[in-house]
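Let me begin by presenting the structure, written as structure tokens, before commenting on it.
The figures here come from the full heavy-atom set of this structure, side chains too, leaving out hydrogens, waters and symmetry mates. So you know, we letter chains A, B, ... as the sequences are listed, proteins then strands, and number each from 1.
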Amino acid sequence: MDGFDLNSSEKADASELQRMIEQQKAQFQAQVHNFTDVCLDKCMEGSPSSKIDSRTEACLVSCVDRFIDTTLSITNRFTQMVQKGAH
Amino acid sequence: MDGFGSDFSSGAGSGKMDTGTIMEQVKVQIAVANAQELLQRMTDKCFKKCIGKPGGTLDNSEQKCIAMCMDRYMDAWNTVSRAYNSRLQRERARI
């Protein structure tokens, strides 16, 4: 007996939704890996210390935001460039 | 039963696997891939930060540096994860 009482097309929708959720989670993780890599280079001076101090912590947070801002700036400007070029 | 299950049934042997089991397997695979990515990047970073001119073995200071580096890397990962999540929520609130 079904635990769900969904008909077959509702089941397909629910599975698709689950699949999309997992994919978004995976994309989030991938981005975190990328940001951590890039931002540690910018924020961690020299060799690692015994604790992440508050300045480094703030730097990491800013780094994520500025990276996203940079991405948005580039996307916007590039779009404009392409639109101008098309005429 | 619809044909949705049949995409995954190759190699399953007996009939169709239910999508709940498949979802669990997918989650495990994603978790494994995530751990591998973490280890790969952490190794690269800590090698760069901790090993100067490579010698005959890893000496004590290098070992200690690697251990600290791993801890800091994972602290940073968590910080970045929270920051990214906050930013995403802020962006969503705007829409």
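The environment of A/Arg55 atom CZ is sparse: at most 12 non-hydrogen atoms of other residues, nucleotides or ligands sit within 6.0 angstrom. Summarising the local packing, CG of B/Asn60 is surrounded by 12 or fewer heavy atoms from other residues, nucleotides or ligands at distances under 6.0 Å.
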Before giving the answer on side-chain contact (heavy atoms from CB on, under 4.5 Å), spell out for B/Glu37 and A/Gln29 the whole-Å C-alpha distance, their side-chain angles and the decisive distance to 0.1 Å. CA-CA 10 Å; B/Glu37 184 74 12; A/Gln29 304 275 49; over 6 Å; no
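Contacts between B/Ile30 and chain A at a heavy-atom distance below 4.5 Å involve the side chain alone, from C-beta outward. In this structure, the portions of B/Met68 lying under 4.5 Å from any heavy atom of chain A include both its backbone and its side chain. Looking at A/Leu72, only its side chain comes within 4.5 Å of chain B, counting heavy atoms on both sides. Heavy-atom distances place the backbone of A/Lys51, and not its side chain, under 4.5 Å from chain B. Proximity to chain B is absent for every atom of A/Asn7, based on heavy atoms less than 4.5 angstrom apart. Contact annotation for A/Phe67: neither backbone nor side-chain heavy atoms come within less than 4.5 Å of a heavy atom of chain B. There is no contact between B/Asp44 and chain A, counting heavy-atom distances below 4.5 Å.
Between the CG atom of A/Asp37 and the OH atom of B/Tyr73 there is a distance of 5.0 Å, given to the nearest 0.5 Å. In this structure, the separation between SG on B/Cys46 and CG on A/Leu40 is 8.5 Å, given to the nearest 0.5 Å. Taking OG1 of A/Thr36 as the start and CG of B/Asn78 as the end, the distance is 8.5 Å to the nearest 0.5 Å.
Comparing B/Lys49, B/Arg41, B/Met42 by how many heavy-atom pairs each has under 4.5 Å with chain A, the most go to B/Arg41. Among the candidates B/Asp75, B/Asn34, B/Asp71, B/Leu88, the residue making the largest number of heavy-atom pairs closer than 4.5 Å to chain A is B/Asn34.
Residues B/Ser81 and A/Phe28 meet the side-chain proximity criterion, which asks for heavy atoms closer than 4.5 Å. Contact check for A/Pro48 versus B/Cys50: side-chain heavy atoms found under the 4.5 Å cut-off. At least one side-chain heavy atom of A/Ile68 sits under 4.5 Å from a side-chain heavy atom of B/Arg87.
In this structure, the side chain of B/Lys27 does not engage the main chain of A/Glu22 through any donor-acceptor pair within 3.5 Å.
Within residues 57-64 of chain A, the residues approaching chain B closer than 4.5 Å by heavy atoms are, in numerical order, A/Glu57, A/Leu60, A/Val61, A/Val64.
The cluster map of Ile, Leu, Val, Met, Phe, Trp and Tyr, joined by side-chain heavy atoms under 4.5 Å apart, puts A/Ile21 and B/Tyr84 in different clusters.
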